[in-house]
Chemist: 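One structure follows; several queries about it will come next.
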There are 2 protein chains.
Amino acid sequence: MTEQLKEEKLKKVNIKHIAKIANLSTSTVSRALRNDPEASKETIEKVKLIAEKLNYYPNAMAKSLRGDKSYTIGIVFNDMNNPFYSDVLRSIFEKLNKLNYSIIVTYYNWDFEQERKNIINLISKRVDGIIYSPIISQLNQQTDNISLLMENGIETVYLDNYPDKLNVCYSGGDHKKAIYLATKHLLDNGHRDILLYSAMPDTLYAKQCEDGYIGAFSEKKFEINKELFVTLDNFDFQNSYIYFKKFITNNFKNKKLKFTGIVATGDILAISIYKVANELGLSIPDDFSIVSYDNIEIVSALNPPLTTIHQPRKEIGENAVRILLHNINNKKNRKIEKSIMSPYLVNRKSVKNLKQI
Amino acid sequence: MTEQLKEEKLKKVNIKHIAKIANLSTSTVSRALRNDPEASKETIEKVKLIAEKLNYYPNAMAKSLRGDKSYTIGIVFNDMNNPFYSDVLRSIFEKLNKLNYSIIVTYYNWDFEQERKNIINLISKRVDGIIYSPIISQLNQQTDNISLLMENGIETVYLDNYPDKLNVCYSGGDHKKAIYLATKHLLDNGHRDILLYSAMPDTLYAKQCEDGYIGAFSEKKFEINKELFVTLDNFDFQNSYIYFKKFITNNFKNKKLKFTGIVATGDILAISIYKVANELGLSIPDDFSIVSYDNIEIVSALNPPLTTIHQPRKEIGENAVRILLHNINNKKNRKIEKSIMSPYLVNRKSVKNLKQI
DNA sequence: TTGAAAGCGCTACCAT
DNA sequence: ATGGTAGCGCTTTCAA
């Protein structure tokens with residue numbers, strides 16, 4: 001018997017091998033392995049013992065081929081640079097791994113062809129659902145890749161960004177309100193000339209940020225200077241650093257453009273501004289104040305600590321999972337849920353109160 | 001025909017459906033779909049057209065069940081907090097997604113039971129290989145989870161940490177040398193009392209860091225004060241911040257313990273020290289100098305910009321993939337390769353030269 | 001309580 | 001060039 005065991009160990013073990021050794025049929029082994037009440041206690045014990053000795057691990061592919069669940073969730077993200085997404089990912093992992101789901105993560109860095117390939121790959125792998133953080137165009141909300149998902153009836157929860165004209169599940173923050181709060185905070189501190197330092201032109205995200213900014217100004221009936229709207233191609237730290245250094249040298253230091261405050265639509269952008277300020281000997285908040293959006297952990301370590309709008313990343317991840325699993329497990333009773341976490345101001349020291357002067 | 005097409009669209013489409021509509025056998029359809037030269041050009045065209053119209057996506061599980069490759073790689077990481085791992089992950093994604101591999105990411109946050117469950121899950125999913133960043137105990141290198149992988153003959157590349165007494169594939173940095181360089185830099189600048197601010201007690205990593213520190217001191221025949229060795233439980237930012245704030249208040253400000261320089265074994269640790277320094281009105285580098293390890297992007301934005309040892313994350317990820325794929329695709333010609341990237345100093349402004357005084 | 005057999009979707013062998 | 005069939009590892013009838 002032990003000899004036989006050793007030999008079996010070398011091949012990939014399956015229920016047939018176990019059945020042979022246990023002198024049982026594969027059906028019985030299958031039942032025993034799953035603690036099926038139809039199987040007798042002794043059989044279960046015997047089978048499990050052999051399985052362990054043989055290093056048996058059930059073939060998940062065969063299982064899902066047979067059944068209709070893969071216990072796998074696909075994640076389609078674009079921007080791994082941004083700590084925001086790492087934090088969201090972490091909370092998704094924590095929930096899903098405990099439930100023994102696998103998570104296939106996909107990353108494409110604004111390459112839509114690659115994104116499409118990744119999504120097709122996920123469809124082929126027959127994931128039970130997808131959490132998708134898309135780049136949404138301001139004009140054409142129904143991108144090819146969103147259509148792909150919808151046409152194939154893939155259970156999807158949109159995260160962080162979503163096509164607001166479509167009736168889809170969503171978990172994320174209220175970007176418009178966030179930037180509204182940021183702008184309002186500067187306004188309340190007496191700032192009137194406020195740079196909107198934004199990213200990803202023509203996307204819904206940029207639009208929402210702009211709307212938030214405009215909303216705060218309109219509310220107080222202050223005039224908006226559109227020359228102070230700057231939009232970067234992406235949220236890349238290095239890119240933003242280079243851009244802002246040029247920008248400030250060409251426009252601010254020589255007083256072509258004057259502003260006393262900056263609203264940055266992401267902490268990464270704000271951090272790059274700190275770098276420029278350090279290098280150019282500019283003082284925050286004396287030369288300009290800054291409010292940003294995200295509140296990633298480390299911005300509290302900047303000097304001065306960054307005032308920013310908090311985006312609840314843990315909750316965003318958890319809600320995405322909750323909504324997704326609900327719809328996967330209740331196909332007949334799907335809910336189109338939108339979970340929108342409210343942002344709030346974290347007041348630190350990067351804003352100067354101009355009224356006190 | 002179009003009616004038929006519509007109906008077929010509602011079910012999950014497979015080659016049988018295509019075969020029926022095309023009036024061909026499943027074998028022929030299968031061949032056509034894969035551009036098998038045995039299939040005629042017209043057949044290929046015809047089949048592909050139907051497949052597209054039906055929204056056909058091959059079932060990857062059936063494919064891999066049949067063949068012996070899943071085109072899936074498992075990642076087993078522990079510390080998603082640390083931007084180091086995000087950066088490595090990114091480079092792994094970039095290489096692997098292009099090759100149409102799926103990546104199942106697993107995260108366990110120092111919970112070894114969860115880690116084990118995750119690994120078993122990966123085995124069940126029949127991944128082609130695993131990239132694993134384990135926590136290695138200084139004493140017992142052969143942990144249960146490493147044994148699990150070895151016993152099951154799972155192709156594995158260790159990343160960042162590895163059991164150096166075992167003959168395994170590895171891609172990572174030379175931690176000992178890194179901390180040696182950091183310490184030497186402080187020594188060269190006239191520092192003698194240097195705090196080693198480390199994390200993860202009893203791990204090989206902590207040991208390697210200690211060895212690097214000791215190496216630099218021994219080389220110059222300076223004496224080491226073991227009271228200046230501090231080891232945190234983990235690399236958590238918040239945890240380190242709280243700890244260091246207490247530590248410095250209890251030991252440094254009241255001159256119980258004196259040191260002029262700090263070597264931190266990870267940028268996250270260093271950043272938390274900046275936060276404490278800001279809050280306590282301590283000046284870096286006047287009150288103490290600091291050199292760290294990793295060189296994540298944003299540390300250049302700190303004030304003063306952080307002097308740190310660069311760890312080439314992109315290359316570490318790429319090499320892990322290269323080694324893994326080589327062994328997967330050349331089962332008969334496996335290589336036990338260790339790729340160790342050399343760290344180097346990035347000199348910024350967080351170190352004061354004591355000799356100039 | 002157990003076993004035999006069909007079938008999940010695909011590929012590869014052997015015919016034709 | 002194409003079709004029939006067996007089988008990858010598993011679950012689930014149906015029968016005993």
Side-chain angles (χ1 to χ4, degrees), chain A residues 8 11-48 50-51 54-72 120-128 152, chain B residues 8 11-48 50-51 54-72 100 120-121 123-128 152:
Chain A
E8 294 293 338
K11 309 178 230 160
K12 278 275 171 203
V13 185
N14 59 32
I15 49 172
K16 261 195 205 164
H17 300 135
I18 300 178
K20 203 171 131 199
I21 294 180
N23 247 316
L24 287 165
S25 73
T26 55
S27 348
T28 308
V29 171
S30 166
R31 280 188 278 255
L33 252 14
R34 282 171 296 127
N35 295 315
D36 190 315
E38 281 191 16
S40 77
K41 275 207 173 168
E42 305 93 64
T43 315
I44 293 186
E45 250 175 62
K46 182 172 153 197
V47 166
K48 289 208 167 172
I50 298 176
L54 291 182
N55 270 338
Y56 168 78
Y57 298 101
N59 185 321
M61 293 183 306
K63 263 190 169 152
S64 352
L65 186 58
R66 188 68 238 278
D68 58 344
K69 284 200 65 172
S70 62
Y71 285 92
T72 304
I120 288 177
N121 204 303
L122 291 175
I123 297 178
S124 269
K125 290 257 158 65
R126 298 294 188 261
V127 293
D128 295 336
N152 285 284
Chain B
E8 295 293 339
K11 311 177 229 160
K12 278 275 172 201
V13 184
N14 61 31
I15 50 172
K16 262 195 203 162
H17 300 134
I18 301 178
K20 202 169 130 200
I21 294 181
N23 247 314
L24 287 165
S25 73
T26 55
S27 348
T28 308
V29 171
S30 167
R31 281 188 278 254
L33 252 14
R34 283 171 296 127
N35 296 315
D36 190 313
E38 280 190 19
S40 78
K41 276 208 171 167
E42 304 95 63
T43 314
I44 294 187
E45 250 175 60
K46 183 173 153 196
V47 166
K48 291 210 164 171
I50 298 175
L54 292 181
N55 270 338
Y56 168 78
Y57 297 101
N59 186 321
M61 294 182 306
K63 265 190 169 155
S64 352
L65 185 58
R66 188 67 239 280
D68 59 342
K69 284 200 64 170
S70 63
Y71 286 94
T72 305
N100 267 314
I120 288 178
N121 204 302
I123 297 178
S124 269
K125 289 260 158 63
R126 299 294 190 260
V127 293
D128 296 334
N152 285 284

Chemist: Output the rounded distance in Å from NZ (B:Lys20) to P (C:dG9).
Modeler: 14 Å
Chemist: I need the NZ-P distance between B:Lys69 and C:dA12, as an integer number of Å.
Modeler: 14 Å
Chemist: Give a yes/no answer on whether the side chain of A:Thr43 brings an N or O atom under 4.0 Å of OP1 or OP2 in C:dT1.
Modeler: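 Answer no for this pair, as no side-chain N or O of A:Thr43 is under 4.0 Å from OP1 or OP2.
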Chemist: Taking side chain to side chain contact (heavy atoms under 4.5 Å, CB included) as the test, write out the residues that go with A:Leu65, two or more places apart.
Modeler: B:Asn59, B:Ala62, B:Leu65
Chemist: Rounded to whole angstroms, how far apart are OH on B:Tyr56 and P on C:dG9?
Modeler: 10 Å
Chemist: Between D:dC14 atom C1' and A:Glu38 atom CD, what is the distance in whole Å?
Modeler: 11 Å
Chemist: Considering just the side-chain nitrogens and oxygens of A:Tyr57, establish if one lies under 4.0 Å of OP1 or OP2 belonging to D:dG9.
Modeler: no
Chemist: Please list, by residue number, the residues of residues 25-36 of chain B whose heavy atoms come closer than 4.0 Å to an atom of DNA chain C; answer none if no residue qualifies.
Modeler: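 Hits under 4.0 Å, by residue number: B:Ser27, B:Ser30, B:Arg31, B:Arg34.
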Chemist: By side chain to side chain contact (heavy atoms under 4.5 Å, CB included), which residues pair with B:Ser64, not counting sequence neighbours?
Modeler: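 B:Ser64: side chain to side chain contact (heavy atoms under 4.5 Å, CB included) contacts with A:Met61, B:Ser70.
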Chemist: Looking for any heavy atom pair under 4.0 Å, which part of the strands does B:Ser64 touch: base, sugar-phosphate only, or nothing?
Modeler: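 If one applies the 4.0 Å heavy-atom cut-off, B:Ser64 turns out to touch nothing in the nucleic acid.
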Chemist: Name the closest nucleotide to the B:Ala62 side chain, picking from D:dG9, C:dG9, D:dT2.
Modeler: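 For B:Ala62, the side-chain atoms sit closest to C:dG9.
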Chemist: Tell me: CD1 of B:Ile15 to C1' of D:dT5, nearest whole Å?
Modeler: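 Distance, rounded to whole Å: 13 Å.
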Chemist: Please enumerate all residues that pass side chain to side chain donor-acceptor pair (under 3.5 Å) together with B:Asn35, with sequence neighbours excluded.
Modeler: B:Lys48
Chemist: Measure from CG on B:Asn23 to C1' on D:dA1 and round the result to the nearest Å.
Modeler: 16 Å
Chemist: Could you tell me whether the phosphate oxygens of C:dG7, OP1 or OP2, come under 4.0 Å of any side-chain nitrogen or oxygen in B:Lys16?
Modeler: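 For B:Lys16, the contact criterion (side-chain N or O under 4.0 Å from OP1 or OP2 of C:dG7) is not met.
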Chemist: Please tell me if the side chains of B:Lys125 and A:Thr72 come closer than 4.5 Å, counting only heavy atoms from C-beta onward.
Modeler: yes
Chemist: Within this structure, what is the NZ-to-C1' distance between B:Lys63 and C:dC8, rounded to whole angstrom?
Modeler: 16 Å
Chemist: Residues two or more places apart in sequence or in another chain: which of them pass side chain to side chain contact (heavy atoms under 4.5 Å, CB included) with B:Asp36?
Modeler: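 Per chain and number, B:Asp36 pairs via side chain to side chain contact (heavy atoms under 4.5 Å, CB included) with B:Arg31, B:Glu38.
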Chemist: Choosing from D:dT2, C:dG9, D:dC10, which nucleotide comes nearest the side chain of B:Leu65?
Modeler: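 Per side-chain heavy atoms of B:Leu65, the pick is C:dG9.
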Chemist: Checking the side chain of B:Asn14 only, and the main-chain atoms of B:His17 only, is there a donor and an acceptor separated by less than 3.5 Å?
Modeler: yes
Chemist: How many whole angstroms separate atom CG of B:Asn14 from atom C1' of C:dC8?
Modeler: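 Distance, rounded to whole Å: 9 Å.
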Chemist: Pick the nucleotide of DNA chain D nearest each of B:Leu24 and B:Gly67; which residue has the one closer to the 5' end?
Modeler: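 Mapping each residue to its closest nucleotide by heavy atoms, the 5'-most match is B:Leu24.
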Chemist: Restricting to side chain to side chain contact (heavy atoms under 4.5 Å, CB included), what partner residues turn up for A:Lys69, sequence neighbours left out?
Modeler: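 Scan of A:Lys69 (side chain to side chain contact (heavy atoms under 4.5 Å, CB included), adjacent residues dropped) gives A:Tyr71, A:Tyr101, A:Asp128, A:Ile328, A:Asn329.
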